[in-house]
Amino acid sequence: MFETQCNEKMEAEVRRLDAKQRAISAGHPEWDNACKLCSCRLEGTREATCVNCGASLQNPT
């Protein structure tokens, strides 16, 4: 049980750091997250792409 909790915390921290790095790369170090494709601001740190970019990846024209 302890190992599972530790792994979940570590995964969350990695997501947070990745999201922060995307925001910095997008030119907005004050943001917590940015879309990796279009660099728009994202809420939270779970997603790496915005709804528009995510939809275009799933349904390419």
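FYI, side chains are in, hydrogens and waters are out, and symmetry mates aren't considered; it's all heavy atoms of this structure. Remember, it's a predicted structure, so these values are computed and weren't measured experimentally.
Side-chain contact check for E8 versus T4: some heavy-atom pair is nearer than 4.5 Å. Between C38 and N52 the shortest side-chain heavy-atom distance does not fall below 4.5 Å. Annotation: side chain of E13 is not in contact with side chain of K9 (no heavy-atom distance under 4.5 Å).
Here the CZ atom belonging to R41 is positioned 14.5 Å from the SG atom belonging to C50, to the nearest 0.5 angstrom. Going from atom SG of C35 over to atom CD of E47 covers 10.0 Å, rounded to the nearest 0.5 Å. One distance of note links OG1 of T45 with CZ of R16; it measures 8.5 Å at 0.5 Å rounding.
The nearest pair of heavy atoms linking A23 to W31 is CB-O, 3.6 Å.
Between the side chains of R22 and N33, at least one donor-acceptor pair of N or O atoms lies under 3.5 Å.
By the 6.0 Å contact criterion, NZ on K20 is enclosed, its count of non-hydrogen atoms from other residues, nucleotides or ligands being greater than 12. Atom CZ of R46 sits in a sparse spot, with 12 or fewer heavy atoms from other residues, nucleotides or ligands closer than 6.0 Å. Enclosure of atom CD in E30 by more than 12 non-hydrogen atoms of other residues, nucleotides or ligands within 6.0 angstrom is indicated.
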